[in-house]
Every structure is written in structure tokens, then in C-alpha cells.
2 protein chains.
Amino acid sequence: MNVGQVAALAGVTVRTLHHYDRIGLLSPSGRTTAGYRRYAPSDLDRLHQVLVYRELGFPLEEVATLLDDPAADPAEHLRRQHRLLLDRMERTRAMVAAVEKEMEARHMGISLTPEERFELFGDWLPEEYEAEAEERWGDTEAWAQSQRRTRSYTKEDWVRIKAEGEDVERRFTEALRSGVPADSERAMDVAEEHRQQISRNFYDCPPEMHAGLGRMYVEDERFTAHYEQIAPGLAQYVSTAVQANAARQGG
Amino acid sequence: MNVGQVAALAGVTVRTLHHYDRIGLLSPSGRTTAGYRRYAPSDLDRLHQVLVYRELGFPLEEVATLLDDPAADPAEHLRRQHRLLLDRMERTRAMVAAVEKEMEARHMGISLTPEERFELFGDWLPEEYEAEAEERWGDTEAWAQSQRRTRSYTKEDWVRIKAEGEDVERRFTEALRSGVPADSERAMDVAEEHRQQISRNFYDCPPEMHAGLGRMYVEDERFTAHYEQIAPGLAQYVSTAVQANAARQGG
DNA sequence: TGCACAGCCTGACGTCGCGTCAGGGTCAAG
DNA sequence: CTTGACCCTGACGCGACGTCAGGCTGTGCA
């Protein structure tokens, strides 16, 4: 195969293949008399490995050493790639969760701290941080207030949305107080309205995601506190109702 | 906050913040009399957005236009980031599946075509490809043979592993022929041995992953053909047994 | 009070992984 | 035998920083 064909097959440019040849990462196993690069099947195998490692963020030089390691059989590469991909999955899942948390925080008018927001970036060393935090950045409450002030809301929208939210919370509280079980139809109906309210006012929130929020209400103290402040036991109640409703929707 | 503090918090280098200042992507809202950069809370918010978009692969200039768009409120950024992260999840999931497929192909001695391997890279246009494939790359069987020949196995290991695999397949076939249900204990036990064999000889294969392989046996004609060639109905039988065994393990 | 040392500043050059010409040879179809 | 698609080798450019160099600032402690 010629460069152009390989490039088309692999989804890279010809220039990329030239580059890989130049730096010795992937040299075609043959040339025509005219100097055309000719790629053999084994070259394609190697190119594939290169692209996977590249996608995983390895610098090309390191890819070369990995692939040129005579003690590494193909299965080892596959295992490593598999492991790294699972790592990426986990990282992405965590980022999705973080974005959803932020969305929900906005929804509830809670302000996350900068530390929480940056938690996913860099190799976070909590113990190193904890001690220095106060000294370095002083009064955290001032920060939080500042955060709150700098948020940009259209006043009237905010008022309406807030009223809607409080209405749902009030109905949850009533249900809780009158002893209606959290997985009852009544509670689930309020949960469903909660979900639709989020979808209308903030972001598309399918049942599965709503269930994730429900879990967060009991797992994250910030959100737990918001509900517990309204009525003791409300966090767990809302959490259960929301998850039950999601299960009902799911089938 | 000074640059160093912001850098530590966000997990980037000071140089990166200098760079973002220089290109106008993120200029601190203040300076001390000595010229020190002073970052306000709102600067941190922006930095966070920058890092998320950067992580998602946006060039910095585009990040700037996104963030400077006056018509885009914070919620819109969150929604976009959420969508893009879900896309990435899906892509990663597909790559994991591809690697697992490749591992299993090796396990069974099946050779995937280069097209299959590259399927995930570049925006794959199958219809454009289909027609030209034969003309451009000729006899696919020759390719496949070549692939097979270029694989590097230690002969004796390969013989042993192959014998083990055939043993399990034989026991599956016997179970099928004697009318034992695929979700019976006997069939599941063979499935479990199948799983452990993979784990020993090829790659760590937890029950969940094994279940994924089971699904592939009926969904991918290449693997279906392998089993159907041994005995009609074996592909579905193995698939069911493997998934039943995974369910048994899982709880 | 002085000074050591961590932290900040602004150039300026280097690196990595290519993109993008420029200038010129090759090959299959018509 | 020409036309147009495809190939070659430089060579320069670019994005997103890394990495000094040379010099100013801020602070803990002797």
C-alpha cells in the first residue's frame, strides 16, 4: 500500500506518515524504485499500535520505545492499552459527575468552592493542601460570598425559578411530614416534577441522571445540608423518591 | 491570589498562566504595584472553564471565543461540556470494546482485518470505502493470511494454549449435544473455566468483561462463525452460558 | 537591620507534532 | 503523449507551552 491509501485507511494525513518515517517511529518496510513508500501489513499493525498509544497521550518517542521493546509481546500492549482506557473511562466519568454536580449546585443556588471545581485537574494532593489552605488563601467564607456575588442571573428568571424550586421542596416536605413513604406514588410524582423542572430551567435531565443527583443528595454534605435545613430527614427522603422515580421510568 | 497559588490550585504551571495572559485568554483582573499578577475569584471561574475546554481538545483561541461570547451563559457552557464529555465516554467505551475484541480474537486465533482495527480512527466513511476496497487493496484473503503469518507466538505456548481452548470448546459442545441447558450449572462451570483460561493465558478477564465477550459471540459474525463451525447452535449456547455465569458471579 | 531565599517579572529561545507550501518526479487512463 | 492524481524531499510555520537568563520583590529570622 502507498502512503495515501494507508493514510485514508488509518484516518491520518500523508504528512503524518512522512513524519513518523522521518523520526523512525514507523518506516515502511519497502520502497519502490521511484522512491514511493510501500507499507506492508505488519506496518499497518504497528501504525495501529502507534495511533492507540498516541490517542492515549503518549509522546511519540515513548511510543517508539514501547513498541521497540523486544520483551513486550502484542498481548502486553493490549493489556496496557486496556488498562489505560479504563483509567480514562473513570476520569471521564468523574468529570461528567463534576459537571452534573455543578449544574445541580447552580440549580439549588449553592456555590461550590474553587477547590472543589479544580479537584479533577492535576494530581491533587489533599494533605499537602489542607494545612496551607487557610494560611494561603485566608477567609474561605469571604471567597464563597464573592463567588455568590459574581454570579450572573437575570433577576426575574431567577425569582421565578427559585419559586418553582421552593414549591417542589415544600411538597416534598409535606409528603415527608404526613408520613407518605418516599417510594410511594405521591412522592415519586413530586420527584418527577423536580426532574422536569430541572430539564425545563437548567439542563436536560433524563431519569438516569436524575438518579445520580439523588445519590448525591445524601453523599455530598453540601447538598444534604441544604435539605436537612428545611426538614430533618428530607435529604434521604428526596434522594429515595428521586431514585424510585427513576427506577419507575426506567421500566 | 498570586500566580503560583493559582497554578498550584488548578494543577497547571506558572508558565501556562503567563501564556494565557499573553494571548489574552485569561488576564488576571489586577496587578500589584510591583507588577505581580493578582487573580480574583472570577478569574478562577474562567480558568476552570478554560481547563475543561482545553481538556476536551479545543484550541485556546476557540476557547477564548466560546468564553467571550456574551450570548452564552454559564449554564450553556455546562450543557456543552456535559454533552462533549458524554461523547468522549462513548468513544472511550468503543475503544475499550475494540481492544477487548482484539484480545479475544487473539485468544481464539482469529485475525481481524486492518479495516476493523482502524475503524475507530478518523471519521470513518464506510460507504465510500466499500466500493473501492477490493480495487484498492486487492485480495483480502491474501492480506488476512499475511496477517496470520506475521503474528509472533512462542510455538510451544501456543500449542498448549490452543489445546486448552479446544478442550473447553469440546466440553461446551458435549454439554450442548447432551441437551444440558446453557444456563445450567454444568454449562456455567465450563464458562467459568473459559473465563479463567483467558485470564491465565491472555488478559485479566473479570466476569463483567466476560459477559461482554459472550454478547460479542452472537453479535459479531466472525466469532459466531468460529463456534458454528464446531457445532450448530454453539455460538448462542456459549454466549448464554458465559453471560449466565457472569450473572452468577456478579450476585 | 540586613540578608538569604522563595517567589515574581519579562524576554527569548527550544520542543513536539505535525500543517502547509514549493518545486519537482511518477503513473495510469484516455 | 498529455493530463491529472499521486508521490518525493526540503523548509518554514504554528500552537501550547518548557526552560533558561537576568533581574526585581517580599518575608522570616539572626
Side-chain angles (χ1 to χ4, degrees), chain A residues 1-39 43 46-47 49-67 121-122 128 131-132 135-138, chain B residues 1-39 43 46-47 49-67 121-122 128 132 134-138:
Chain A
M1 280 170 75
N2 286 346
V3 281
Q5 294 163 342
V6 173
L9 178 59
V12 299
T13 68
V14 170
R15 179 64 178 88
T16 299
L17 294 176
H18 284 181
H19 185 57
Y20 292 172
D21 188 0
R22 176 72 68 94
I23 67 176
L25 174 57
L26 172 62
S27 296
S29 44
R31 294 262 189 160
T32 68
T33 55
Y36 282 28
R37 290 173 178 79
R38 308 252 54 200
Y39 289 84
D43 296 333
R46 185 175 172 103
L47 175 57
Q49 297 300 311
V50 167
L51 293 183
V52 173
Y53 278 126
R54 184 186 71 167
E55 168 87 22
L56 285 167
F58 285 80
L60 297 186
E61 199 179 323
E62 204 164 332
V63 172
T65 71
L66 282 176
L67 295 181
F121 297 103
E128 183 194 337
E132 300 179 69
E135 185 203 338
R136 285 165 80 97
W137 300 304
Chain B
M1 280 171 75
N2 287 345
V3 279
Q5 294 164 342
V6 173
L9 179 59
V12 300
T13 68
V14 170
R15 179 65 177 89
T16 299
L17 294 177
H18 284 180
H19 185 58
Y20 292 173
D21 189 1
R22 177 72 68 95
I23 67 175
L25 174 57
L26 173 62
S27 297
S29 44
R31 294 261 189 162
T32 69
T33 55
Y36 282 27
R37 291 172 177 80
R38 308 250 56 198
Y39 289 84
D43 296 332
R46 186 176 171 103
L47 175 56
Q49 297 300 311
V50 167
L51 294 183
V52 173
Y53 278 126
R54 184 186 73 167
E55 168 86 24
L56 285 167
F58 284 79
L60 297 186
E61 199 179 324
E62 205 165 330
V63 172
T65 69
L66 282 176
L67 294 181
F121 296 102
E128 181 194 340
E132 299 179 70
E134 288 298 327
E135 184 203 339
R136 284 165 81 96
W137 300 304

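Every chain is numbered from 1, with letters handed out A, B, ... down the list of sequences. Owing to the predicted nature of the structure, the values given are computational and were not obtained by experimental measurement.
For the pair A:Leu25 CG and C:dC16 C1', the interatomic distance rounds to 13 Å; values are reported in whole Å. Atom CG of B:Asp21 and atom C1' of D:dC17 are 15 Å apart (whole Å). In this structure, CD of B:Glu61 is placed 12 Å from P of D:dC14, rounded to the nearest angstrom. We find that CG of A:Leu17 is positioned 12 Å from C1' of C:dC18, with the value rounded to whole Å. Put simply, CD on A:Gln5 is 16 Å from P on D:dA5, counting in whole angstrom units. Between the CZ atom of A:Arg31 and the C1' atom of D:dC6 there is a distance of 15 Å, given to the nearest Å. One can place CZ of B:Arg38 at 11 Å from C1' of C:dC8, the figure rounded to the nearest angstrom. Protein atom OH of A:Tyr39 is 12 Å distant from nucleotide atom C1' of D:dC8, rounded to whole Å.
Dashed line: the shortest gap from a side-chain N or O of B:Arg37 to OP1 or OP2 of C:dC8 is not under 4.0 Å. Using a 4.0 Å cut-off, no side-chain N or O of A:Tyr20 falls inside it from OP1 or OP2 of C:dG17.
The shortest distance between side-chain heavy atoms of B:Arg54 and B:Tyr20 falls below 4.5 Å. A:Leu17 is listed as a side-chain neighbour of A:Leu47, based on a closest heavy-atom distance under 4.5 Å.
Nearest heavy-atom pair, B:Ser27 versus B:Asp21, reported as atom, atom and distance to 0.1 Å: OG-OD1, 2.9 Å.
With A:Phe58 as the fixed residue, the side-chain contact (heavy atoms from CB on, under 4.5 Å) test singles out one of A:Val63, A:Val52, A:Thr65: A:Val63.
Along DNA chain C, the nucleotide nearest A:Thr16 and the nucleotide nearest A:Thr32 are compared for position; the residue whose nucleotide lies closer to the 5' end is A:Thr16. Between B:Arg15 and A:Val14, it is A:Val14 whose nearest contact on DNA chain D lies nearer the 5' terminus.
Of the candidate nucleotides D:dA16, C:dG17, C:dT20, D:dA16 has the atom nearest to the side chain of B:His19. In the set D:dT9, D:dG26, C:dG17, the nucleotide with an atom closest to the side chain of A:Pro59 is C:dG17. The A:His18 side chain lies nearest to D:dT9 when the options are D:dC17, D:dT25, D:dT9.
For B:Tyr36 and D:dG26, a side-chain-to-base donor-acceptor distance below 3.5 Å is absent, hydrogens and geometry of angles not being considered.
Using modelled atom types and a 3.5 Å distance limit, the side chains of B:Arg37 and B:Asn2 yield no donor-acceptor pair.
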